[in-house]
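Just so it is clear: chains get the letters A, B, ... in the order the sequence lines come, proteins before strands, and each one is counted from 1. Computation of the quantities below employed the complete heavy-atom set of this structure, encompassing side-chain atoms and omitting hydrogens, waters and symmetry-equivalent molecules. Keep in mind the model is a prediction, meaning the values are calculated, not measured.
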Amino acid sequence: MFTSDIDNTKRWLIRTLAFTSASAFCALFGGIYEVFSHGVYSYYMIYAFAFPLVLGTLPSLIFAMLSRPCKTSAAFDLYVFAIAAATVGSIVNGVLEIYGTSSRLMILFVITASVLLAVSVALAVFEHIKECRSKAETK
Amino acid sequence: MKKHTKTGIIRVIALTLLLCALTAYVLLDTFVIRHSLAEAGGAAVDRAEKPEEESLTYEALDAYSDTEIAVILKKYRQYDTDIYVADIRLESPEYLRCALAEDTYGRNIKEKTSEMAERVGAIVAVNGDYYGAREMGFVIRNGELYRAAPDVKLESLVINDDGSFKIVSQQRTRAMNLLEEGARHAFTFGPGLLSEGEFMVNRTDEVEQSMRSNPRTAIGRISDGHYILLVSDGRTDTSEGLSLYELAEFLKDIGTVDAYNLDGGGSSTMYYMGEVVNFPTTDGKRYNERSVSDIVYIGY
């Protein structure tokens, strides 16, 4: 294993830890909110923690195990904010449900998260292709 | 780890601001920004009728009577809960009326039940279905259609011009048709509790994801011109609150034939002759009368 591989693993593990912390915070927040919601519950509030866990912790852990290159990029930033939009949207929807109301504007969270996710994936693919080309040119 | 460049930092700040702004806008739109959509337009009691026999004991708190309207305010103690019942007899169903907060139909336009009741000169009033908390569901008040968009998951209580009650599925009904068929009021909350004396709820039914026992508000019909407005306390040390089934069972026990669950929890408030008679509360500790969108009341 090369030093760069160890660095990559370490970086991915730091990201894993960050996503796990966010997930734990959401679980705690949802739990406390439920305690004070007079027995009214919302699945959106209870399971908001699943977004950072499934979309953040798991992929980061897999990339750490595979020692995939870990870089700070626009694609990654957008991906993180896509997860954040989905998580915050889920919590807000939970708040509305527990209050007993709804909002047509909730669709904005879905659109924001979807657009950010799509752009981040497109950027990641674009960056990957660019990197492959530059490697090929160097050879 | 490679640090963010200046562009990267700007990107992160921009995305953070976008998310904060989106969240703030949704919450403000839902809870704060007022959406005013329309301004509200808006018997000799059958004493020969023999009162229905009641198996439950109650304390008569007060009574009101004139040529058109008679109300007996009763307090029951059932299921470890204080239950307030306004037993109403009307010469004409037109005295069963509704009022909107600030006489305006819209979202985030709210007023306390007691304030609305005071303003319209109600003899007795309870909170309505809090239509403003939802974006869908039929809203017909005093013969005016305010919202025709159905909430397909919910049942609607329709009170017709002749004073009859009908509980309908919004999935299979159009608000315009209800109006044409003589609907005077249509509420969206539910569920229906009793229809023609039959239970419409079972022991496990609840309002969406609510807890089992809660303060409740309900409206019922015993016979022509004979109605019930009910509010039960809950969440407190002295009143546990009712499940929907217990509410339906209690209403059936006092002779109600058709009954419908209105907005409960912290909204449950009964006003009678200038006073709130129950203990409205959200947290079970403090008296806190919630501001709501609408009331159902008896008056001229």
Side-chain angles (χ1 to χ4, degrees), chain A residues 7-8 10-15 18 34 36-46 69-89 91-113 115-116 119-120 123, chain B residues 1-5 7-31 33 107-108 129-137 149 151 153 189 206-215 234-235 241 263-267 281-284 290 293:
Chain A
D7 284 349
N8 281 326
K10 198 176 154 190
R11 286 171 193 162
W12 278 117
L13 284 176
I14 290 170
R15 286 181 175 178
E34 292 294 337
F36 293 101
S37 64
H38 309 288
V40 184
Y41 64 91
S42 162
Y43 289 122
Y44 287 99
M45 182 65 84
I46 295 169
C70 182
K71 290 182 292 183
T72 303
S73 64
F76 183 73
D77 287 349
L78 292 174
Y79 182 72
V80 169
F81 274 90
I83 297 173
T87 310
V88 172
I91 289 173
V92 171
N93 204 27
V95 170
L96 302 195
E97 271 200 355
I98 288 169
Y99 184 76
T101 186
S102 60
S103 171
R104 68 203 182 287
L105 296 177
M106 286 310 299
I107 190 72
L108 292 178
F109 281 104
V110 179
I111 292 169
T112 307
V115 168
L116 288 174
V119 174
S120 75
L123 265 179
Chain B
M1 198 180 293
K2 192 182 155 191
K3 291 210 171 124
H4 274 97
T5 58
T7 327
I9 291 168
I10 292 169
R11 189 171 57 228
V12 169
I13 291 172
L15 288 168
T16 308
L17 287 176
L18 170 78
L19 198 54
C20 290
L22 178 62
T23 308
Y25 179 58
V26 171
L27 291 175
L28 285 171
D29 181 79
T30 309
F31 295 113
I33 299 168
R107 254 197 134 179
N108 293 319
D129 64 0
Y130 204 158
Y131 71 84
R134 298 170 190 273
E135 293 179 306
M136 312 288 269
D151 186 331
K153 291 176 290 179
F189 199 90
E206 253 317 323
V207 178
E208 292 175 344
Q209 298 100 347
S210 290
M211 70 192 295
R212 199 179 155 271
S213 295
N214 259 313
R235 298 177 180 168
D263 183 23
S267 302
T281 181
T282 297
D283 61 11
R290 182 184 285 173
S293 305

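Of the listed residues B/L18, B/V26, B/L15, the one with more heavy-atom pairs under 4.5 angstrom with chain A than any other is B/L15. Taking A/L78, A/V88, A/L96 one by one and counting their heavy-atom pairs under 4.5 Å with chain B, the maximum is reached by A/L96.
Taking all atoms of both residues into account, the shortest heavy-atom contact from B/L19 to A/A84 is CD2-CB, 3.6 Å. The minimum heavy-atom distance linking B/E135 with A/R104 is given by the pair OE1-N, 2.6 Å. Heavy atoms only, all atoms of each residue included: A/S103 and B/D29 are closest at OG-OD2, 4.3 Å.
Taken to the nearest 0.5 Å, the CG atom of A/L105 stands 11.5 Å off from the OG1 atom of B/T23.
Only the side chain of A/T112 has a heavy atom closer than 4.5 Å to any heavy atom of chain B. Heavy-atom distances place the side chain of B/T30, and not its backbone, under 4.5 Å from chain A. Looking at B/T16, the atoms closer than 4.5 Å to chain A (heavy atoms on both sides) sit in the backbone and in the side chain alike. Heavy-atom distances place the side chain of A/L116, and not its backbone, under 4.5 Å from chain B.
Heavy atoms of other residues, nucleotides or ligands lying less than 6.0 angstrom from CZ of A/F109 number more than 12.
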